[in-house]
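Right, one structure below, let's go through it.
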Amino acid sequence: MQFTSEHRLDDGVLEREFNLGEIPGTLWTPESPTPAPLILMAPNNGLPKGASRLVARARHSAAHGYAVASIDAPGCGDRPRSAADERARADIRRAIQAGEPVDEIFESFIGPLVEKAVPEWRNALDALLSLPEICGPVGYSGWTAVGIRLAVAEPRIAAAGFFAGGYVPRAQREEARQVTIPLLFLLQWDDEGNPRQRALDLFDAFGTKEKTLHANLGGHTGTPWFEVEDGGRFFGRHLK
């Protein structure tokens, strides 16, 4: 892991950009005399790690005593896109504009993206936990499809907060039954891009005995800010 820049923000949080091989990432850490528990914060469905909503959540969590890290998924954010990536994105835009079904296009795009992204998150976790300012336990917040696979494959993940607004491939919907860690699941009731019943079915499928569903009125990007505060209380119960 190579740090490329650092800035001390107004709230005392240290924001550092890093590269892990070809993978760009950002790490936010609090002012603290002791190592901080870690939250991995994954941009939903491959949004860039610099998305304003993610950065706001990350800074809020870091200001409340957590180390928070995010990386760009393959072909997303600052990483180069392949010709296949560009075709898939163009197909999705065309289908949405034409009012055509998009599930199979998402399946062919998001499924392979999850397969590539999860090993990178695990490598990032190895590097992050080697830093003296970070300790376990580890939480996860954000992209549901990647979070499901990580929760199943990575025993260091102790609790997770998932956002129901992203497409979850069929493989991860099946894997949801193997998720046994404490879970907070956020659902926007009127999300125009994610059928409500599919999200409710996914929540029902999670195998954990400690799972909470928070549903709020509004569309895809309308998650109220108080859910960030509730998420902080959730992670406080399981990471501190």
Side-chain angles (χ1 to χ4, degrees), residues 1 3 13-21 23-44 47 49 54-73 114-163 166 168 172 175-176 178-186 206-212 227-240:
M1 175 179 283
F3 288 104
V13 171
L14 181 63
E15 180 182 77
R16 287 176 284 177
E17 300 293 327
F18 65 85
N19 290 321
L20 189 63
I23 306 167
T26 307
L27 175 64
W28 297 266
T29 49
E31 289 186 301
S32 173
T34 59
L38 174 65
I39 298 176
L40 304 178
M41 197 165 283
N44 206 27
L47 289 172
K49 64 180 176 60
L54 180 141
V55 171
R57 297 201 319 271
R59 289 185 58 176
H60 181 274
S61 296
H64 285 77
Y66 299 94
V68 184
S70 183
I71 61 174
D72 279 330
V114 171
E115 296 295 331
K116 296 174 185 176
V118 168
E120 294 183 349
W121 273 107
R122 298 187 75 183
N123 289 337
L125 181 56
D126 290 340
L128 290 161
L129 288 178
S130 72
L131 298 174
E133 63 268 37
I134 297 176
C135 65
V138 179
Y140 174 92
S141 176
W143 187 2
T144 299
V146 166
I148 290 172
R149 173 61 60 84
L150 269 177
V152 172
E154 181 50 73
R156 291 173 290 184
I157 304 293
F162 293 158
F163 290 83
V168 177
Q172 277 66 64
E175 285 180 318
Q178 303 174 50
V179 173
T180 58
I181 59 174
L183 177 65
L184 175 63
F185 194 54
L186 301 183
F206 287 121
T208 179
K209 295 181 179 179
E210 185 176 343
K211 55 183 175 181
T212 302
E227 289 293 0
V228 177
E229 298 167 347
D230 284 349
R233 287 187 284 272
F234 167 79
F235 284 120
R237 292 194 298 273
H238 300 291
L239 302 186
K240 288 187 174 181

Of all residues at least two apart in sequence or in a different chain, which pass the salt bridge (Lys or Arg N to Asp or Glu O under 4.0 Å) check with E15?
none
Can you see which heavy atom on V68 is nearest to which on A62, and at what distance?
CG2-N, 4.0 Å
Go through the structure and list residues passing side chain to side chain donor-acceptor pair (under 3.5 Å) with E120, not counting sequence neighbours.
R79
Reported CG-to-SG distance for the pair L128 and C135, which is rounded to 0.5 angstrom
12.5 Å
Indicate the atoms forming the closest heavy-atom contact of T29 with A67, along with that distance.
CG2-CB, 4.0 Å
Pairs flagged by salt bridge (Lys or Arg N to Asp or Glu O under 4.0 Å) wherever residues 30-44 is involved - sequence neighbours left out
none
For P35 against P132, the heavy-atom pair lying closest together:
CG-O, 3.4 Å
For residues 233-240, run the donor-acceptor check on the side chains, cut-off 3.5 Å, and write out each pair with its distance to 0.1 Å, sequence neighbours left out.
| residue | atom | partner | partner atom | Å |
| --- | --- | --- | --- | --- |
| R233 | NH2 | D230 | OD1 | 2.0 |
| H238 | NE2 | E210 | OE2 | 3.0 |
| K240 | NZ | H64 | O | 2.7 |

Any side-chain heavy atom of W121 sitting closer than 4.5 Å to one from I157?
no
Are L20 and I71 close enough that some pair of their side-chain heavy atoms sits under 4.5 Å apart?
no
Heavy-atom closest contact (R59 atom, V13 atom, distance)
O-CG2, 4.1 Å
Spatial distance of atom CD (Q172) from atom OG1 (T144) [nearest 0.5 Å]:
10.5 Å
What I'd like to find out is whether the side chain of I23 reaches to under 4.5 Å of the side chain of D72, using heavy atoms alone.
no
V138 side chain near E154 side chain, heavy-atom distance below 4.5 Å
no
S61 (side chain) donor-acceptor with A58 (main chain) under 3.5 angstrom:
no
Kindly write out the residues that satisfy salt bridge (Lys or Arg N to Asp or Glu O under 4.0 Å) with E175, not counting sequence neighbours, or none if the list is empty.
R149
Roughly how far apart are F3 CZ and T26 OG1, rounded to 0.5 Å?
10.5 Å
Heavy-atom closest pair, residues G136 and L129:
N-CD2, 4.2 Å
So L183 and I181, do their side chains get closer than 4.5 Å, heavy atoms only?
no
Listed by chain and number, what are the side chain to side chain donor-acceptor pair (under 3.5 Å) partners of T208, not counting sequence neighbours?
none
Are the side chain of S141 and the backbone N or O of M41 linked by a donor-acceptor pair below 3.5 Å?
no
Determine the minimum heavy-atom distance between P137 and A158, stating which atoms define it.
CB-CB, 4.0 Å
Spatial distance of atom CG (L186) from atom CZ (F162) [nearest 0.5 Å]:
11.0 Å
Once salt bridge (Lys or Arg N to Asp or Glu O under 4.0 Å) is applied, what residue pairs with a partner in residues 126-146 remain, sequence neighbours excluded?
R16-E133, D126-R156
Could I get the full list of side-chain contact (heavy atoms from CB on, under 4.5 Å) partners for V228, not counting sequence neighbours?
R57, H60, W225
Partner of S70 by side chain to side chain contact (heavy atoms under 4.5 Å, CB included), out of L27, L54, V55
L54
Can you list the residues that meet the side-chain contact (heavy atoms from CB on, under 4.5 Å) rule with A176, with sequence neighbours excluded?
I148, L202, A205, F206
Across all chains, not counting sequence neighbours, the side-chain contact (heavy atoms from CB on, under 4.5 Å) partners of T180 are none
